[in-house]
Amino acid sequence: MYLSLSLAALAATPLVCSSSISPRQAQKVTVDLSKKYQTIDGFGFSAAFQRANLVVNLKEPKQTEVLNLLFNTTSGAGFSILRNGIGSSPDSSSDHMNTILPKCPSTPDGTPDYKWDGKDSGQLWLSQQAVKYGVKSFYANAWSAPGCMKTNGNDANGGNLCGITGTSSCKSGDWRQAFANYLVKYIQLYAENGVKVSHLGFLNEPDFTASYASMLSSGTQAADFIKILYPTLQKNNMSDVGINCCEGTGWSVASGHASQIAAAGVENMVYAITSHEYTSRISGTMKTTRRVWQTEYSDLNGGWSTSWYSSGGAGDGFTWANTVFNGIVNSNLTAYIFWEGVQDRATNNNNNEKLILVDGQSYTVSKRLWAFAQFRIVRPGAVRVGASGGSNLKSAAFVNTDGSIAVVMINSGTGAANVGVSLTGSTLTNPVVKAWLTDNTHDMSATDVTVGTDGTASASVPGRGMISFLVTEGGA
Ligand SMILES: *[C@@H]1O[C@H](CO)[C@@H](O)[C@H](O)[C@H]1NC(C)=O
Ligand SMILES: *[C@@H]1O[C@H](CO)[C@@H](O)[C@H](O)[C@H]1NC(C)=O
Ligand SMILES: *[C@@H]1O[C@H](CO)[C@@H](O)[C@H](O)[C@H]1NC(C)=O
């Protein structure tokens with residue numbers, strides 16, 4: 001069973017060009033519904049390190065406007081995953097994420113004195129809002145264990161979790177079980193407040209000693225902890241919480257983690273291998289039986305830019321369209337998570353590590369957000385199917401759980417192209433087609449679709465533009 005997608009003959013439909021450059025020669029793309037690839041978990045962002053508070057502190061109507069930009073599936077990016085930082089710091093100074101265990105008991109098996117502030121650095125409120133928009137994936141991710149459980153006695157500056165291999169110098173004992181119990185407690189606190197944590201991570205960039213919350217670990221050492229964490233989740237009726245590991249700074253590091261986790265025999269206890277893209281970019285497919293998520297990346301060097309296409313720079317929306325596309329289509333990722341959803345102007349010289357700049361009571365949206373928005377028609381649980389052909393047109397197709405078909409395309413050419421979706425071969429009896437596009441002057445804007453007598457639905461996509469088609473069952 002397949003859908004045939006083709007660039008309609010230039011003569012067939014008058015072009016609505018947003019550019020004076022002529023479109024390239026007609027190309028044909030074929031979508032093959034019988035070719036099934038990975039199941040998509042979703043797209044997301046983080047508001048860790050108190051960035052969530054920027055939204056908490058916005059007054060109406062701006063607060064709702066920003067929430068809609070992030071989570072609304074019809075007017076915004078429709079993000080479906082929120083990556084929250086599980087705090088490890090003893091205080092909330094600067095942008096620290098405070099821990100629920102500021103002081104450990106004197107021994108690992110002592111009774112912990114948890115302190116819950118009901119805020120979790122603004123992340124609980126943001127999560128509760130996300131629930132209202134239908135978000136179901138909440139990825140709780142600890143950058144470190146509390147310092148009192150570590151070899152260096154500090155939640156910052158690296159160090160290891162006491163109890164894993166290579167920590168014999170740790171005088172206070174083995175804190176693995178205590179750390180697992182602590183993570184369970186965090187999940188319980190969220191559940192009590194209406195947010196069901198779906199995924200759990202216990203490391204962030206464990207190959208990098210940061211001056212902020214950080215904890216070092218190899219894949220082998222991570223396995224030492226997973227062996228305790230997995231049964232602890234089971235015992236606490238949390239077997240549906242997926243363990244993610246290990247947030248390496250880049251694809252090479254993450255691939256190393258994956259092979260060590262497999263060698264240690266705990267691969268089956270892991271839901272997804274997680275990678276960042278800072279020290280090495282994603283390329284090829286990772287050798288693992290697990291799902292693979294890209295969980296944090298952004299342009300850390302460029303000055304704040306809202307451009308779709310300026311010079312193909314690291315902060316351009318068009319660059320991000322290609323980055324996300326590459327991860328999903330060429331590297332078998334099941335989730336792509338940007339770094340910060342929102343950030344202020346002062347942090348890191350107002351760089352591009354955020355999607356939305358929140359500056360006191362005003363905000364500015366980057367085109368990176370709209371690049372992600374083009375993927376919002378690909379909902380969690382969608383299965384990627386075959387799409388091939390077209391030398392200047394990148395295309396990816398997905399079948400959503402409701403049977404609708406989402407086709408996301410990037411026009412790499414500099415000229416406008418007229419693209420057509422042919423419904424021949426589809427099982428939909430009364431297909432309704434909608435399309436949206438993003439370029440320099442559009443933000444996931446609904447665009448006209450012309451349906452020909454043969455059922456082909458056509459639309460024009462500008463040069464260096466993105467178009468997404470959603471084909472749904474129209475009903476009787
Ligand atoms: C999403 O945006 C649409 C259009 O503005 C609006 O009607 C709808 O209420 C919003 N959804 C939520 C959950 O707020
Ligand atoms: C166990 O978890 C399930 C799903 O999260 C929930 O519906 C159920 O009430 C829980 N049972 C107990 C005993 O906590
Ligand atoms: C893609 O990932 C899935 C898990 O999401 C896995 O089952 C499959 O084998 C992977 N395919 C390739 C080519 O790596």
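Order of appearance sets the numbers: ligands from 1, and atoms from 1 within every ligand.
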Next on the checklist: Considering both backbone and side-chain atoms of Ser75, is one of its nitrogen or oxygen atoms within less than 3.5 Å of a nitrogen or oxygen in ligand 1?
Outcome noted: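 Indeed, backbone or side chain, Ser75 has an N or O that close.
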Considering only the protein, which heavy-atom contact is closest to [atom], and what is its distance?
{"atom": "atom 2 (O) of ligand 3", "result": "Asn332 ND2, 2.3 Å"}
{"atom": "atom 4 (C) of ligand 3", "result": "Arg290 O, 3.9 Å"}
{"atom": "atom 7 (O) of ligand 3", "result": "Thr289 O, 4.4 Å"}

Determine whether the side chains of [X] and [Y] contain a donor N or O and an acceptor N or O closer than 3.5 Å.
{"X": "Ser46", "Y": "Glu296", "answer": "no"}
{"X": "Ser310", "Y": "Asp316", "answer": "yes"}
{"X": "Tyr271", "Y": "Arg290", "answer": "no"}

Item to check | Heavy-atom proximity to atom 13 (C) of ligand 3, best of Leu333, Thr334, Thr288, Thr285 | outcome: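 It is Thr285 whose heavy atom sits nearest to atom 13 (C) of ligand 3.
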Checklist entry - Counting heavy atoms only, which of Leu67, Thr64, Asn72 comes nearest to atom 1 (C) of ligand 1? => result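 Ranked by closest heavy atom to atom 1 (C) of ligand 1, first place is Asn72.
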Checklist entry - Does the protein put a heavy atom under 4.0 Å from atom 11 (N) of ligand 1? => result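 There is a protein heavy atom less than 4.0 Å from atom 11 (N) of ligand 1.
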Checklist entry - Does Arg384 make a cation-pi contact with Tyr37, if we ask for NZ or CZ under 6.0 Å from the ring centre and within 45° of the axis? => result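 Yes, cation above the ring, under 6.0 Å and within 45°.
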Checklist entry - Aromatic ring centroids of Phe338 and Tyr297 under 6.0 Å? => result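 Here the rings of Tyr297 and Phe338 have centres that are no less than 6.0 Å from each other.
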Checklist entry - Hey, what's the ring geometry for Phe318 with Trp308, parallel, tilted or perpendicular (30° and 60° as the breaks)? => result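 Aromatic pair Phe318/Trp308 classed perpendicular.
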Checklist entry - Counting only heavy atoms, which portion of Thr73 has something under 4.0 Å from ligand 1: side chain, backbone, both, or neither? => result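 No part of Thr73 is near ligand 1 at this cut-off.
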Checklist entry - Counting each atom of ligand 1 from 1 as listed, which ones have a heavy atom of Asn68 under 4.0 Å away? => result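 That gives atoms 1 (C), 10 (C), 14 (O) of ligand 1.
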